[in-house]
Asks: 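Let me give you the structure first, and then I'll get to my questions.
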Amino acid sequence: MNVSDSAEFLWRGHRLQLLAERAVWEPQQGLLLVADLHLGKAESFQSQGIPLPSDGDGATFNALLALAHSHRPAQVLVLGDLIHSRLGLTADLRQKLRALPDLLGCPLRLIGGNHERGCWIEGLQQEPSLALGPLWLSHAPESRAGHLNLCGHRHPVALIGGGADRLRLPCFAYDPLTEQLVLPAFGALTGGHPCPEGETLWLVAEGTVVPWGPTPRRSGLSLRRPGPAPRRRG
C-alpha cells in the first residue's frame with residue numbers, strides 16, 4: 001500500500017494529483033480544484049438559534065491560501081458550495097471573499113452549487129458546469145461523454161473498521177463506470193456521506209492519502225507513488 005501526501009491519478013493519459021489537503025492539482029493547466037467549503041455555516045446555524053463556534057472559516061481560508069502559495073495555480077476553481085447559505089453571508093465574510101483572489105494570487109472561479117442558489121457574491125459570478133480540456137467540472141455528479149467528471153456535492157467518506165474502532169474518513173471517490181471523480185469536502189465544518197460499493201477510494205488521514213480498494217473495473221486508471229507536486233512558474 002502506497003502512503004503519501006498525494007496520489008497520482010491517471011485518466012486516459014491525463015494526470016491529476018489527489019492532495020491530502022482534500023484538493024486536486026491539475027498541473028497541465030495549472031488548476032487547483034476544491035469543493036464544498038461551506039463558508040459561513042456556523043453563522044447560518046447561529047441565525048437559527050443553534051450555537052456553533054465561529055472558527056471553522058479561518059481554518060478553511062488558511063488551508064486554501066497555503067495550497068495556492070505552494071502550487072501557484074493559474075486559477076482556483078471551486079466546484080460548488082463555496083458558502084453554506086445567504087444567512088451566513090455576513091459583511092465580514094463578503095469582505096473576505098472580495099479579497100480572496102488577491103490573496104490567492106490568481107483568479108477565483110465558482111461553479112454554482114445548490115447552497116449558492118439565490119445568493120449574490122460581489123465580484124464572483126456563479127458559472128454553470130463547464131469543460132476545461134478533458135475535464136468536465138460540475139457541482140453535483142454529471143456524466144459527460146469523452147470527459148472525466150470532477151465534482152463535489154456528496155462529501156464522500158469511507159467507513160473503516162467496526163464497533164468502537166470504526167472511523168469515518170473523508171476520501172476521494174472514483175466510479176469507473178460513470179468516469180466521475182468526487183472530491184471530499186474542503187470545509188472545516190462539513191459532514192460526510194458513505195460511498196456506495198464499487199467505487200475506488202483514496203482515504204485522507206493525518207496529512208496522507210491512502211489508496212483503498214476496490215480494484216477499478218475499467219482500464220485506463222492507474223495509481224503510483226508520485227514524486228513532489230509540480231510547481232507552476234511565475
Side-chain angles (χ1 to χ4, degrees), residues 19-26 30-130 137-140 150-157 168-170 182-193 204 206-207 232:
L19 306 179
E21 293 87 350
R22 294 183 284 183
V24 168
W25 172 241
E26 198 272 34
L31 305 179
L32 183 63
L33 300 116
V34 294
D36 300 293
L37 281 69
H38 287 271
L39 299 172
K41 182 174 182 177
E43 288 75 13
S44 297
F45 278 84
Q46 290 166 10
S47 69
Q48 302 173 67
I50 302 173
L52 276 181
S54 298
D55 55 3
D57 284 359
T60 302
F61 272 115
N62 290 338
L64 184 59
L65 292 176
L67 274 174
H69 293 163
S70 64
H71 286 75
R72 299 185 180 182
Q75 54 184 323
V76 172
L77 283 106
V78 178
L79 302 179
D81 290 356
L82 172 67
I83 63 171
H84 187 71
S85 77
R86 60 180 181 81
L87 296 176
L89 263 177
T90 62
D92 179 63
L93 180 54
R94 288 186 181 276
Q95 182 178 1
K96 289 178 179 177
L97 291 174
R98 283 195 298 270
L100 189 54
D102 287 339
L103 295 173
L104 293 171
C106 67
L108 173 67
R109 299 176 67 180
L110 171 63
I111 306 295
N114 54 298
H115 279 263
E116 277 96 19
R117 289 173 187 162
C119 297
W120 173 76
I121 305 172
E122 182 181 349
L124 187 58
Q125 178 183 358
Q126 296 183 45
E127 301 182 52
S129 303
L130 57 88
L137 308 178
S138 63
H139 174 57
L150 267 64
C151 56
H153 185 59
R154 280 178 35 195
H155 300 203
V157 299
R168 292 172 61 93
L169 296 176
V182 186
L183 277 65
F186 189 80
L189 291 177
T190 52
H193 303 281
V204 178
E206 299 296 329
R232 185 175 178 84

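Residue numbers count from 1 along this sequence.
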Asks: Return the orientation label for the H155 and H193 ring planes: parallel under 30°, perpendicular over 60°, tilted otherwise.
Replies: tilted
Asks: With distance as the sole test, does Q75 use its side chain to make a donor-acceptor pair with the main-chain N or O of G30 at under 3.5 Å?
Replies: no
Asks: As an exercise, state the distance from CG of L97 to CG of L82, rounded to the nearest 0.5 Å.
Replies: 5.5 Å
Asks: Rounded to the nearest 0.5 Å, what separates atom CD1 in I121 from atom CD1 in I83?
Replies: 4.0 Å
Asks: Would you compute the distance between atom OG of S138 and atom NE2 of H153 and round it to the nearest 0.5 angstrom?
Replies: 10.0 Å
Asks: So do L150 and E26 actually touch side chain to side chain, heavy atoms under 4.5 Å?
Replies: no
Asks: Please report the closest heavy-atom contact between A23 and L32, naming both atoms and the distance.
Replies: CB-CD1, 4.2 Å
Asks: From L130 CG over to R109 CZ, what is the distance, rounded to the nearest 0.5 angstrom?
Replies: 5.5 Å
Asks: Side-chain donor-acceptor pairs under 3.5 Å in residues 99-106, sequence neighbours left out?
Replies:
none

Asks: Locate the shortest heavy-atom distance separating V157 from G192; write the atom from each residue and the value.
Replies: CG1-CA, 3.6 Å
Asks: L64 and V76: which non-hydrogen atoms are nearest, and at how many Å?
Replies: CD1-CG1, 4.3 Å
Asks: Taking all non-hydrogen atoms of both residues into account, name the closest pair between L137 and L77 and its distance.
Replies: CD1-CD2, 3.7 Å
Asks: Should we say atom CD of Q95 is surrounded by more than 12 heavy atoms from elsewhere, each under 6.0 Å from it?
Replies: no
Asks: Looking at CG of L89 and CZ of R94, how far apart are the two atoms once the value is rounded to the nearest 0.5 Å?
Replies: 4.5 Å
Asks: Using the side chain to side chain contact (heavy atoms under 4.5 Å, CB included) rule, pick out the option among L79, D36, T60 that qualifies with F186.
Replies: T60
Asks: Which heavy atom of G152 sits nearest a heavy atom of A35, and at what distance?
Replies: CA-CB, 3.8 Å
Asks: Return yes if some donor-acceptor pair links the side-chain N/O of E116 with the main-chain N/O of D81 below 3.5 Å, else return no.
Replies: yes
Asks: State the CZ-CG distance between R72 and L67, to the nearest 0.5 angstrom.
Replies: 14.5 Å
Asks: Minimum heavy-atom separation for P170 to P184, with atom names?
Replies: CB-CB, 4.1 Å
